[in-house]
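I have placed the structure first, in the form of structure tokens, so that the comments after it can refer back to it.
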Amino acid sequence: MEMVPSEENQLVPKEIENAAEEPRVLCIVQDTTNAKTVNERLTLNLPASTTLSKLFEDVAHKASYVNGTFDLAWGKTGDMGSLDPSSEMSLTESGFEPGKRNFLQLTDKDGEQPQIASDESGTAGSSGLDDSSQERFIGPLPRDGTVGCSSDYSSPSYSYSSILNKSDTGYVGLVNQAMTCYLNSLLQTLFMTPEFRNALYNWEFEESEEDPVTSIPYQLQRLFLLLQTSKKRAIETTDVTRSFGWDSSEAWQQHDVQELCRVMFDALEQKWKQTEQADLINQLYQGKLKDYVRCLECGYESWRIDTYLDIPLVIRPFGASQAYSSVEEALQAFVQPETLDGANQYFCERCKKKCDARKGLRFLHFPYLLTLQLKRFDFDYTTMHRIKLNDRMSFPEELDMGPFIDVEDEKSPQTESCTDSGAENEGSCHSDQMSNDFSADDGVDEGICLDSASSTERVLKPKVPSLNTSSLTFELFSVMVHSGSAAGGHYYACIKSFSDGQWYSFNDQHVSKITQEDIRKTYGGSSGSRGYYSSAFASSTNAYMLIYRLKDPSRNAKYLDCDDFPEHIKHLVQREKESEEQEKRQREIERNTCKIKLFCMHPVKTMALMENKLEVHKDKTLREATEMAYKLMELDGVVPLDCCRLVKYDEFHEYLERSYEGEDDTPMGLLLGGVKSSYMFDLLLETRRPEQIFQPYKPGEVMVKVHVVDLKTDTIAPPVSIRAYLNQSITEFKQLIAQATELSAETMRVVLERCYNDLRLLYVPNKTLKAEGFFRSNKVFVESSESPDHQVTFTDSLLWKLLDRHGNTIRLFVSLPVQSPGTNRTICPKVGGDTEECSEGSKGNRNSVEAILEESTEKLKNLSLQQQQGSSTSDSQKSSDTSDFEHIESPSPSQEPDSSVSAVVAVDNRELENRIRAASGGSGGGTYSDPETQFPGEERSDSEVNNDRSTSSVDSDILSSSHSSDTLCNADSGPIQLANGLDSHSITSSRRSKANEGKKETWDTAEEDSGTDSEYDENGKSKAESYYLYFRAEPYAQEDGSGEGGQKCVLVHVDKRITLSAFKQNLEPFVGVTSTQFKVFRVYANNQEFESVRLNETLSSFSDDNKVTIRLGRALKKGEYRVKVYQLLVNDAEPCKFLVDTVFAKGMTVKQSKEELMPQLKDQCKLDLNIDKFRLRKKTWKNPGTVFLDYHVYEEDINISSNWEVFLEVLDGPEKMKSMSQLAVLTRRWTPAQMKLEPFQEVVLESSSVEELKEKLSEISGIPLENLEFAKGRGTFPCDISVLEIHQDLDWNPKVSTLNVWPLYICDDGAVVFYRDSTEEPMEQSEDERNELMKKESSRLLKTGHRVSYSPRKEKALKIYLDGGPVKDPGQD
């Protein structure tokens, strides 16, 4: 196929080049046909014009399925059916969206699983795909989001099945673990090097001497064998990286391929010590060069010899505008000497003075495998960024190195030499790293005369090849390509096979044929020119490392065939084949294994339901599966096997669907409906006692949990489980219940709880259970007695009230304020638990609100004292005849209050409320003497309410019902513990005493949702007096002791349908003030508190054991909003300082709010301000915004919300902002000559004109208009930026005429604008001064919380650990 360059100079087929001009469709396919692949995704990036039939072919090819044996359906759109595999409609016409992710599901066709394509065919038999489909992945594909080796590019995703078949090229790819493309490129190059591969095969691993897991040569040997013999399309490299000592995090680290090459070679040399391969790396890759300095006056030369493993070639010389055009030119520059003159003169030992000299490098010996590194990565000291040079540099297929060998020594009698120092530059040599100082420390012995041949020459002569240039001809066989920028990119390798001379692209798991023309596309080069760093930040594809092999027939090796393998390699091949076959068999087993959830109520370990996963082959029988489940649940020795059975179970509905009588020999695949990725049901391992008999569960049955209700004792019994049929009538159902509960069916009332708070009396005798709404699992309440309650309408009956209260009552822990009226009264306990007040005049007639509240507080304290003293009360005193409500179970026995104590609170609660209303002169409602102490609330948008509720992690718990059927089964007898913590007596408390019936019961009125926060209507009457809701409170001592020392806590049981307004009214006696004088705060799990302000909202979002804190303070009225005020200090290190909390009201002007603020600021913040010397302005996070003018009205001109925040800004002079058409901009001057930013100054503009802004800036700074440049600040206020970056990082002098367009978008007050004098040059700094300034800037910006962008990201060093892993510092823990 013809290959053409793409925009990035990468290699792509011509048809894909044309397709690149049209939109592309990203298809993500989930294979749901078996459990192994259900969590994996196949990714295809196709042109939008691709047909549906072609899509099926591509999916078949990637998944290694036979086309036509599977279906594709939309993955996230339930209303769309399967796709037509024969359709010729394009993807866009079929509903696919270009530029977005399109999710598909690969499913069974007609209930049959897809057929796997045979290994021999390599591809799906009917797919018709050739190698061109792989070639579309030669170059990188765009990817969003990640940074690293594949930051801008994405190899196509693959599933396990997509890598099963070998490429048509005959070569096997390597799977990219995450960002290991650099490793894959190097490994493929080494594998395709015959000399290295053969030498690796000849090395024999001794398992007795080393762990195979940590042996790098052994894992490389295994990998190479798999690359040569495996039938898979791609294989994993995890075993190799594990031998490096890497963990999974290393797969996400990007590294340089040349760096990896050197580190890996070092590791191999260490591992191969004392073996035949000990000197393999040096024999293949090591060369020698001479670093010399020659005096130009006397010809005296000093030098030393260094070794190298690769030659670094400069792409473009520092400061030059032109790059070298070819490798030959770069090599010539590498050996080109430089002249040392002027201040750089060299001190000649022979001349005994400083002389002009010539310094350079000469090659003495070239390795057999010549590695050239093209230095495309550089550092820009102006911008302090790493950059990539994408300039074009050509390289020949055959490279003649003859002209670069050192022959000058033979002609220069004046040359003096040094012995070979043996100095090695870590396998690499850089011309700019060679030392200018050849002292004795370097091992250089200068001034040795060449008259007598040195031992060095005698050693070197056999190694230096003859001057016959034909022996120094190298042929190119590997090009490692980098695609991307200096920040990240992708590596792949173009390698020539020495078997057939064909070039191949090894791009991770994809291998495809390419041509010589494609190699030339990797020369690089970018369109256009933008100065020295023309395309430093552009993403491009070009050659980075070149590997040549010396053309020498006597040394050029061929790849070893399988028949020629050494014996130990043949054994290893056999083991790998067996392992691969075992893996294939295991995959086949996986495809035929049913995986389903298994539950069991273990009779010994726990009474809770245990969960596990049962994995059973589809051909295993039910008997065998039961035995497997028996062992899995560890029942051996606990229950006999014949006392266990598997039944079909629905864990969600707690429903036993059916049992499998007489099917012990039926295969599990048949019972479960085949092998599926997930099942809509579970299995339960049921157990019985030896004397019991298993009850059969038939498919048509439903499960019913029956709770017996006793109206005499107001109790609800634990459930009894029975099974019924949906076609049974209510009469038959009652007979069934009567048999199980021994109740009378004639007087039986049955109530079905269909869902939360939905109670339905089943009274039609002939109606079926199905018609009544029964489902798989149901809960019913039954009552059978001669009570007259039978004659009452169900919704008015005691039974309904009891069940309704049971389903809606929650328990809250309420913390009361420490200071409240009446708490300083002296209490004198009497014998027997009664109390009397010792203060004078306490028996007087008190009709005032304060007196009544004080009295209630006194009673509360008396109750607490009685509880603490543990006054003796006999059990008979706890009877329902002496109290309205019996005791509520406390968290601990020591905290259980006396029932008579609770009774006093219960009786006095409503009585006290009525007395408060009577004392205040109201007509039974909520009108108090002070007209401002009614119950108006704060109007808040739904979004604000939701915002408050979304701040805690417990919200999902709060919004869910806490009353489940299981919570009624905590005991076999006695009062049942309900879900909310109440026992059966407290929740079904005794009926009203005759004396107080209808008057003193602790219920409260519920509010109809009228769309307003007012609890009462215009006449002061409750809006729903006929509907009462349960409220009960009792003193409570906190377990952590925090309630001591004056802190009061109340345990409240309340119907959650009560409104916040009614809830507050019920709390008045305990708080000691009216509801308008205290606030309710909800406490979340992380101890965050948020005020509840919507009085007409119910407590439905609360759940059991939620905490509530009461704080004294005026509650918000209707139309009022709580506001936090912060001071804006533009030139301070901390520009945002909290001042006070205050209240703004709807309809209030800004000036009025300022007047109300002034006394608060003076009292609380010691700020004595004149009303004209400060302003209020919008606050968005930390950013100052719109300036509020005095005549602005809240809710009309200014949108206001709850928990609002505003800035207060003190002015230096009178307010300049007079109208909304003006624009206030914060400006700051940058002075490059001093490397300093001046303080902020505000500029008020009459329009959005750039010209006006520049005129104002010129006016305040004195900078001539033509020299003034400005730029908008970035980020949040104060838009801090390093003085080392500001000169070049901001977008200076944008070409716009108005401020409200791109790239400025300055449309509101508070924008930050930097400006400078364009003629002012930056301060000249030495390197030390610059480093010092960098440290200061880093410290300054870190203190202000701003990122120091010029500080480079610390990259993890590339290391290979010879001992199997890094040594962890114990101190790190």
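Nothing fancy with the numbering, it's 1 onward along the sequence.
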Taking 4.0 angstrom as the limit, do [X] and [Y] come out as a salt bridge?
{"X": "Arg242", "Y": "Asp239", "value": "yes"}
{"X": "Arg262", "Y": "Glu259", "value": "no"}
{"X": "Glu195", "Y": "Arg555", "value": "no"}
{"X": "Arg358", "Y": "Glu338", "value": "no"}
{"X": "Arg304", "Y": "Asp306", "value": "yes"}
{"X": "Arg362", "Y": "Glu301", "value": "yes"}

Write down the atom of [X], the atom of [Y], and the distance for their closest heavy-atom approach.
{"X": "Thr189", "Y": "Ala493", "value": "OG1-CB, 4.2 Å"}
{"X": "Ser497", "Y": "Tyr504", "value": "CB-CE1, 3.9 Å"}
{"X": "Ser243", "Y": "Ile216", "value": "O-CG1, 3.6 Å"}
{"X": "Tyr182", "Y": "Gln253", "value": "CE2-O, 3.8 Å"}
{"X": "Ala251", "Y": "Thr180", "value": "CA-CG2, 4.0 Å"}
{"X": "Ala267", "Y": "Leu1362", "value": "CB-CD2, 3.7 Å"}

Is the number of heavy atoms from other residues, nucleotides or ligands under 6.0 Å of Gln322 CD greater than 12?
no
More than 12 heavy atoms from other groups under 6.0 Å of CD on Glu1324:
no
Give me the one residue out of Tyr201, Trp272, Phe205 that meets ring pair (Phe, Tyr, Trp, His ring centres under 6.0 Å) with Tyr218.
Phe205
For Tyr285 and Phe265, run ring-ring contact (aromatic ring centres under 6.0 Å, His included): C-alpha distance rounded to whole Å, both residues' side-chain angles, the deciding distance at 0.1 Å, then the answer.
CA-CA 10 Å; Tyr285 294 95; Phe265 283 175; 4.7 Å; yes
If you apply the rule side chain to side chain donor-acceptor pair (under 3.5 Å), what do you find for Glu276 with Trp203, and how did you get there?
CA-CA 8 Å; Glu276 292 181 9; Trp203 174 80; over 6 Å; no
Once the angle between the rings of [X] and [Y] is folded into 0 to 90°, is it parallel (under 30°), tilted (30 to 60°) or perpendicular (over 60°)?
{"X": "Phe191", "Y": "Phe224", "value": "perpendicular"}
{"X": "Phe363", "Y": "Tyr308", "value": "perpendicular"}
{"X": "Phe474", "Y": "Phe366", "value": "perpendicular"}
{"X": "Tyr559", "Y": "Phe498", "value": "tilted"}

Is the side chain of [X] donor-acceptor paired with the backbone N or O of [Y] at a distance under 3.5 Å, no angle test?
{"X": "Gln254", "Y": "Ala487", "result": "yes"}
{"X": "Ser478", "Y": "Lys496", "result": "no"}
{"X": "Lys290", "Y": "Gly360", "result": "no"}
{"X": "Lys273", "Y": "Gln270", "result": "no"}
{"X": "Asn556", "Y": "Leu550", "result": "yes"}
{"X": "Ser185", "Y": "Cys181", "result": "yes"}

Counting C-beta onward and ignoring hydrogens, is there a side-chain heavy-atom pair between [X] and [Y] closer than 4.5 Å?
{"X": "His365", "Y": "Thr307", "value": "no"}
{"X": "Asp247", "Y": "Ser249", "value": "yes"}
{"X": "Arg376", "Y": "Met393", "value": "yes"}
{"X": "Thr522", "Y": "Thr541", "value": "no"}
{"X": "Glu1329", "Y": "Met1323", "value": "no"}
{"X": "Leu399", "Y": "Leu331", "value": "yes"}
{"X": "Pro396", "Y": "Glu398", "value": "no"}
{"X": "Lys359", "Y": "Tyr292", "value": "no"}

Tested for side chain to side chain contact (heavy atoms under 4.5 Å, CB included) against Ile311, the lone hit among Leu361, Thr371, Leu370 is Leu370
Looking at Val240, Ile281, Leu187, which hits side chain to side chain contact (heavy atoms under 4.5 Å, CB included) with Met264?
Leu187
If we count only N and O atoms by modelled type, under 3.5 Å, do the side chains of [X] and [Y] hold a donor and an acceptor together?
{"X": "Thr241", "Y": "Gln177", "answer": "yes"}
{"X": "Asp1328", "Y": "Ser1326", "answer": "no"}
{"X": "Tyr523", "Y": "Asp391", "answer": "no"}
{"X": "Lys558", "Y": "Asn198", "answer": "no"}
{"X": "Asp256", "Y": "Tyr544", "answer": "yes"}

Suppose we screen for side chain to side chain donor-acceptor pair (under 3.5 Å). Which residues come up paired with Asn1331, at least two apart in sequence or across chains?
none
Residues in side chain to side chain donor-acceptor pair (under 3.5 Å) contact with Asn344, at least two apart in sequence or another chain
none
I'd like to know whether Gln345 forms a side chain to side chain donor-acceptor pair (under 3.5 Å) with Asp356, so could you lay out the CA-CA distance, the side-chain angles of the two residues, the decisive distance to 0.1 Å, and finally the verdict.
CA-CA 5 Å; Gln345 277 189 324; Asp356 289 351; 2.8 Å; yes
Think Arg386 forms a cation-pi with Phe377, using NZ or CZ under 6.0 Å from the six-ring centre and within 45 degrees of its axis?
yes
Using the ring of Tyr300 (Phe, Tyr or Trp, six-membered ring only), decide whether Arg294 places NZ or CZ under 6.0 Å from its centre and within 45 degrees of its axis.
no
Given the rule in the side chain to side chain donor-acceptor pair (under 3.5 Å) test, do Glu475 and Tyr548 qualify, once you have shown the distances and angles that lead to the verdict?
CA-CA 5 Å; Glu475 63 175 323; Tyr548 288 83; over 6 Å; no
Yes or no on side chain to side chain donor-acceptor pair (under 3.5 Å) for Asp341 and Tyr346, after CA distance, side-chain angles and deciding distance?
CA-CA 8 Å; Asp341 55 9; Tyr346 163 71; over 6 Å; no
